[in-house]
Amino acid sequence: MATFTFSLCFLLSFTFLFVLVHPSSSSSSSSPYLYPSTFTKNYNNMLTSFKIFIYPTTQGITFFTPSASNFYDSLLNSAFITQEPEEAHLFFVVFSPELSTRSQARLVRELRTKYPYWNRTLGADHFFISPEGIDFSSDRNALELKKNSVQISVFPTVSGKFIPHKDISLSPVSKSSLVLSHAPVNMDRSFLGYLKWDGKTEVELVEELRLDSEFVVETESLDQLGRVKSSKFCLFFYEAESTAAMTEAMAAGCVPVVIVDRPVQDFPLMDVLRWSEMAFLIGNRRGAQGLKAVLGGVPEDRYERMRGLCVAAAHHMVWNAEPQPYDAFHMVIYQLWMRRHTIRYTRREEF
């Protein structure tokens, strides 16, 4: 996993590190957290108390998505794992991302027969990793897995395969080799927006942006970091190839703009961070002029506040070969910890 490792933690300013570790020291308007007064307390409780039991498997499991692989490997080697299921707050159901729905149902059937834990909550205190998400099924066992257990997928998720407030999305591991540092507060932002384009997506909109001197559109760049730091907003299409660089953009103080024509409910750390104060969602039907009107109309004080929140929040989406405090791995664990209180689901007649 060292190939995919990038570290921003040690390069960000002391000010934001202080806010990160002591969110209660900051007012809610300057904190990236939805609940700043309880974040540190809950996080510390997680570190000392949280236990996860992994059901034994004889299969070698490989996740080909970097963030899913990183999380899985880090979890196996973490202090959160217990060999005593009675100590566990949550149970991890491990299966290959290529496992069919029928085989998933068979696995759940075996767990409920062999162990007593699934039937206590019908799987609500269980979780699994599926980078692309799993489908609904008419089979009782597969449906309980889908509706009750926490699914961990990779952002952006496949439409219809993610259940907000229950499921968790992993921030993607960037393919960029850029090493970013905290962006100076008074740094001159020469461009309104920057887009690293794949050469295929939304051609008409991109061509309109190319004609506007306030936007920079590139397919290749010898100085991508410079472009990002000199732009107020960084544009991303709602797809894996585009959003992979969002963490670096945020760390550099370039406010993300996700171009998408539907609500987005699967941002990483959706129930932890104040995404509505850190990013814009803009439909591509607005065209380049509509996009420019929205971004150009953002008051400077609001922009600076968003920029600061982005820099502070970027810490939490960094994947490390060896997990570090408050990084992406620990924040996924934190979200699981916050989901440990489950309810007992009522059996449906059609099961």
Side-chain angles (χ1 to χ4, degrees), residues 6 8 12 16 31-34 67 154-157 169-176 178 180-183 187 189 191-198 201-202 205-206 209 214-218 221 224-270 272-284 286 288 290-300 302-319 328 331:
F6 61 96
L8 307 175
L12 298 181
F16 284 106
S31 169
Y33 309 105
L34 289 171
S67 53
V154 177
F155 175 79
T157 61
S169 67
L170 303 173
S171 55
V173 174
S174 174
K175 296 181 180 180
S176 171
L178 297 178
L180 302 183
S181 61
H182 166 53
M187 184 172 184
R189 303 274 169 171
F191 303 101
L192 182 61
Y194 172 76
L195 172 65
K196 177 71 180 298
W197 188 43
D198 62 4
T201 308
E202 301 294 343
L205 174 61
V206 172
L209 292 173
E214 292 195 58
F215 291 93
V216 177
V217 178
E218 295 180 327
S221 177
Q224 185 177 343
L225 173 56
R227 295 295 196 188
V228 168
K229 285 191 171 184
S230 62
S231 302
K232 295 183 69 173
F233 299 95
C234 285
L235 313 183
F236 302 95
F237 293 109
Y238 185 73
E239 57 180 25
E241 289 296 320
S242 180
T243 57
M246 196 160 68
T247 300
E248 290 97 324
M250 293 171 64
C254 192
V255 175
V257 177
V258 180
I259 301 173
V260 60
D261 284 315
R262 63 180 178 84
V264 174
Q265 297 179 299
D266 64 334
F267 275 122
L269 301 171
M270 193 73 181
V272 178
L273 299 177
R274 297 165 57 204
W275 278 106
S276 62
E277 299 295 322
M278 298 191 302
F280 286 104
L281 301 180
I282 300 179
N284 60 11
R286 287 178 175 267
L291 182 64
K292 182 176 181 178
V294 172
L295 301 183
V298 177
E300 194 62 26
R302 182 186 179 191
Y303 169 76
E304 285 299 324
R305 185 168 61 252
M306 295 181 74
R307 188 200 63 78
L309 294 177
C310 284
V311 174
H315 294 265
H316 297 313
M317 294 187 288
V318 174
W319 291 98
M331 294 309 297

What distance separates [X] [atom1] from [Y] [atom2], expressed to the nearest 0.5 Å?
X      : Y      : atom1 : atom2 : result
Lys196 : Phe236 : NZ    : CZ    : 10.5 Å
Leu195 : Ile259 : CG    : CD1   : 6.5 Å
His316 : Met331 : NE2   : CE    : 4.5 Å

Thr157: partners by side-chain hydrogen bond (donor to acceptor under 3.5 Å, both in side chains), with sequence neighbours left out: Asp266
Applying side-chain hydrogen bond (donor to acceptor under 3.5 Å, both in side chains) to Glu239 and not counting sequence neighbours gives Thr201
Go through Val173 and Thr247 one step at a time and tell me if the side chain to side chain contact (heavy atoms under 4.5 Å, CB included) criterion holds. CA-CA 9 Å; Val173 174; Thr247 300; over 6 Å; no
Does the side chain to side chain contact (heavy atoms under 4.5 Å, CB included) test come out yes or no for Leu295 and Val257, once each step is laid out? CA-CA 9 Å; Leu295 301 183; Val257 177; 3.8 Å; yes
For Glu214, which residues count as a salt bridge (Lys or Arg N to Asp or Glu O under 4.0 Å) partner, sequence neighbours excluded? Lys292
Return the set of residues passing salt bridge (Lys or Arg N to Asp or Glu O under 4.0 Å) with Lys232 (not counting sequence neighbours), or none when no residue passes. Glu300
State, to 0.1 Å, how close [X] and [Y] come at their nearest heavy-atom pair, and which atoms those are.
X      : Y      : value
Val228 : Cys234 : CG1-SG, 3.9 Å
Asn284 : Glu202 : ND2-OE2, 2.8 Å
Lys229 : Arg189 : O-NH1, 3.1 Å
Pro172 : Thr243 : CG-O, 3.9 Å
Ala328 : Met317 : CB-C, 3.9 Å

Check whether any side-chain N or O of Arg227 sits under 3.5 Å from a backbone N or O of Val216 as a donor-acceptor pair, and report yes or no. no
ring-ring contact (aromatic ring centres under 6.0 Å, His included) contacts in which one or both residues fall within residues 242-266, not counting sequence neighbours: none
Scan for ring-ring contact (aromatic ring centres under 6.0 Å, His included) pairs involving residues 248-269, sequence neighbours excluded, and state none if there are none. Phe155-Phe267, Phe267-Trp275
Full working for side chain to side chain contact (heavy atoms under 4.5 Å, CB included) between Val272 and Leu34: CA-CA 6 Å; Val272 178; Leu34 289 171; 5.8 Å; no
[X]: what forms a side-chain contact (heavy atoms from CB on, under 4.5 Å) with it, not counting sequence neighbours?
X      : result
Met306 : Val255, Phe280, Arg302
Ala313 : Pro32, Met250, Leu273, Met278
Pro263 : none
Ser231 : Phe191, Tyr194, Cys254

Test side chain to side chain contact (heavy atoms under 4.5 Å, CB included) on Leu192 and Phe233; report intermediate values, then the result. CA-CA 6 Å; Leu192 182 61; Phe233 299 95; 4.0 Å; yes
Are Phe215 and Leu235 side-chain neighbours, meaning at least one heavy-atom pair lies under 4.5 Å? yes
For residues 252-262, which residue pairs pass the salt bridge (Lys or Arg N to Asp or Glu O under 4.0 Å) check, not counting sequence neighbours? Asp261-Arg285
Only counting residues at least two apart or in another chain, list the ones meeting disulfide bond (SG atoms under 2.5 Å apart) with Cys310. none
Distance-only polar pair, side chains of Trp319 and Ser171, donor-acceptor under 3.5 Å: yes
